[in-house]
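Order of appearance sets the numbers: ligands from 1, and atoms from 1 within every ligand. Along the sequence shown, residues carry numbers from 1.
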Amino acid sequence: MPKIEVRKLSKVFGPSAKKVLNELEKNFDKQDVLAETKHAIGVYNASFDVEEGEVFVIIGLSGSGKSTLIRCLNRLNKPTGGSIIVDGDDIVKYDRKQLRDFRRHKTAMVFQNFALLSHKNVLDNVAFGLKIKGVSKEESYAKAQNMLSMVGLEGYEESSVNELSGGMKQRVGLARALANDPEILLMDEAFSALDPIVRRDMQFELIKLQKKLKKTIVFITHDINEAFKLGDRVAIMKDARIVQIGTPEEILANPCDDYVEKFTVDIDKTKVLPVRSIMSVPGCLTKLKDGPKVALQEMRANAVSSAYVVDDQLHLKGIVTLNNARQAAEEKKTISDVMQTDIVQVDQETMISDLVPLAAQSPYPIAVKDEQGKLCGIVTRVAILSHL
Ligand SMILES: Nc1ncnc2c1ncn2[C@@H]1O[C@H](COP(=O)(O)OP(=O)(O)OP(=O)(O)O)[C@@H](O)[C@H]1O
Ligand SMILES: [Mg+2]
């Protein structure tokens with residue numbers, strides 16, 4: 001079961017929101033509706049799932065409805081239509097008390113402008129939510145302390161938040177959100193106010209934290225590079241609608257329209273696409289235990305001048321060339337006596353950009369292994385260069 005199931009979610013702003021929503025024509029134009037009815041369509045008919053432990057990114061131009069959508073997920077916005085099922089419960093139907101419990105226990109939000117309490121110190125900012133929840137002072141501080149070291153702010157407990165740089169402020173924001181141990185973390189442009197280097201640091205920090213914490217994260221950004229770096233899947237919004245949902249790879253390979261394609265032109269594809277997407281099948285394999293004659297035979301049959309040598313589990317052991325194999329056959333040696341073992345091997349999820357320095361050093365195509373360490377493909381220098 002997905003952690004969050006959003007179905008036909010709509011949010012219309014204005015006094016007759018329900019009526020306006022019901023009377024919308026399928027291909028309505030937001031600007032026309034606003035002019036005619038004075039109602040803004042924030043989100044229209046959005047449906048998607050967020051899996052437990054997933055980082056789900058929403059991207060779109062300014063005004064496309066990203067904030068409106070994420071604010072529905074903790075009911076800061078009351079949806080005009082549709083449902084939001086979290087752990088099997090429709091939170092759109094929640095009453096006040098249920099909502100308060102939901103916000104306190106299940107979710108936390110990190111804001112673009114940090115939204116810290118400026119008169120309180122760092123530790124108090126992080127502990128504040130816990131104290132409100134009724135956690136004892138001692139436990140609140142212990143937890144807050146723990147979170148601060150997790151986000152790299154040890155030693156700043158007593159500092160005033162006003163003294164901190166933007167990046168540090170957002171670390172406090174993140175620590176505060178995590179202190180509650182929420183299952184769902186909502187982040188609306190959380191890194192957008194930071195300058196590029198600090199921003200990259202924070203992205204890295206979040207990836208590191210997420211490896212450990214495995215929260216369900218909905219992350220909003222207008223930066224496609226950030227979206228593709230962080231997102232397991234990405235939803236693209238345009239004029240209140242979600243126009244495409246997919247993994248970064250899927251979206252790059254198949255942008256559904258010009259709007260999406262325009263987003264993706266800014267992407268450095270080699271930093272998003274894994275080796276898996278450009279590898280080819282090794283031309284010729286030979287078993288370690290087979291003799292040089294078998295290897296020669298295989299190479300001739302495949303019309304190639306080298307073969308990848310694997311063991312019974314398909315783990316790569318080396319490469320043998322036609323000349324190596326001939327020599328071994330003449331001198332009655334085994335394949336392992338003559339094979340080359342200096343093969344560069346990478347994991348199939350390695351990003352293409354990371355191969356560039358390796359390819360320069362390697363006389364052979366780079367070998368690619370799967371999760372079990374089995375040889376699953378090779379990447380030639382030409383394949384790498386043609387993707388740069
Ligand atoms: N409280 C509100 N009252 C009326 N209209 C609103 C309100 N909040 C948002 N809207 C409208 O809903 C639409 C979506 O706005 P939203 O803030 O969700 O966009 P966004 O994608 O988050 O943009 P940005 O990238 O600028 O943050 C806009 O047309 C906006 O004017
Ligand atoms: Mg916004």
Taking only non-hydrogen atoms of S67 and a 4.0 Å limit, the atoms of ligand 1 in range are 17 (O), 18 (O), 20 (P), 22 (O), 27 (O)

* Asked: Can you check whether K271 reaches K229 side chain to side chain, under 4.5 Å on heavy atoms?
  -> no

query = Protein heavy atom under 4.0 angstrom of atom 31 (O) of ligand 1, is there one?
reply = no

* To do: State, yes or no, whether a side-chain contact exists between T221 and E226 at a heavy-atom distance under 4.5 Å.
  => yes

Can you find an N or O of G63 that's nearer than 3.5 Å to an N or O of ligand 1?
yes

If we number the atoms of ligand 1 from 1 as shown, the ones under 4.0 Å from a heavy atom of L61 are 21 (O)

Atom 25 (O) of ligand 1: closest protein heavy atom, distance to 0.1 Å, is K66 NZ, 2.8 Å

- Is there side-chain contact between I84 and L9, with heavy atoms separated by less than 4.5 Å? yes

Ligand 1 to K30, heavy atom cutoff 4.0 Å, flagged ligand atoms 13 (C), 28 (C), 29 (O)

With heavy atoms and a 4.0 Å threshold, my read on which part of A40 contacts ligand 1 is side chain

Do V243 and V260 touch side chain to side chain, with heavy atoms closer than 4.5 Å? yes

Note: ligand 1 atoms sitting under 4.0 Å from heavy atoms of S62 are 23 (O), 24 (P), 25 (O), 26 (O)

Counting heavy atoms under 4.0 Å, the part of E189 that contacts ligand 1 is side chain

ask   = Do the ring planes of Y94 and F102 sit parallel (below 30°), tilted (30 to 60°) or perpendicular (above 60°)?
value = perpendicular

re atom 16 (P) of ligand 1, the protein heavy-atom contact at minimum distance is T68 OG1, 3.5 Å

dist L153:CG -> L123:CG (nearest 0.5 Å) comes out at 11.0 Å

Using a 3.5 Å distance criterion without hydrogens, assess whether the side chain of D311 forms a donor-acceptor pair with backbone atoms of H315. yes

Nearest non-hydrogen protein atom to atom 10 (N) of ligand 1, with distance, is F13 CE1, 3.4 Å

Q) Is the shortest heavy-atom distance from the side chain of E183 to the side chain of T107 under 4.5 Å? A) no

Query - Check: Q313 and Q372 side chains under 4.5 Å, non-hydrogen atoms - result: no

- Message: So, regarding H222 and ligand 1 (criterion: nitrogen or oxygen to nitrogen or oxygen, under 3.5 Å), is there a contact or not?
- Response: no

Q.
Closer than 2.8 Å to the Mg ion (ligand 2): does that hold for any N, O or S atom in S62?
A. no

At a 4.0 Å cut-off, with the gap strictly under it, does some heavy atom of S64 reach an atom of ligand 1?
yes

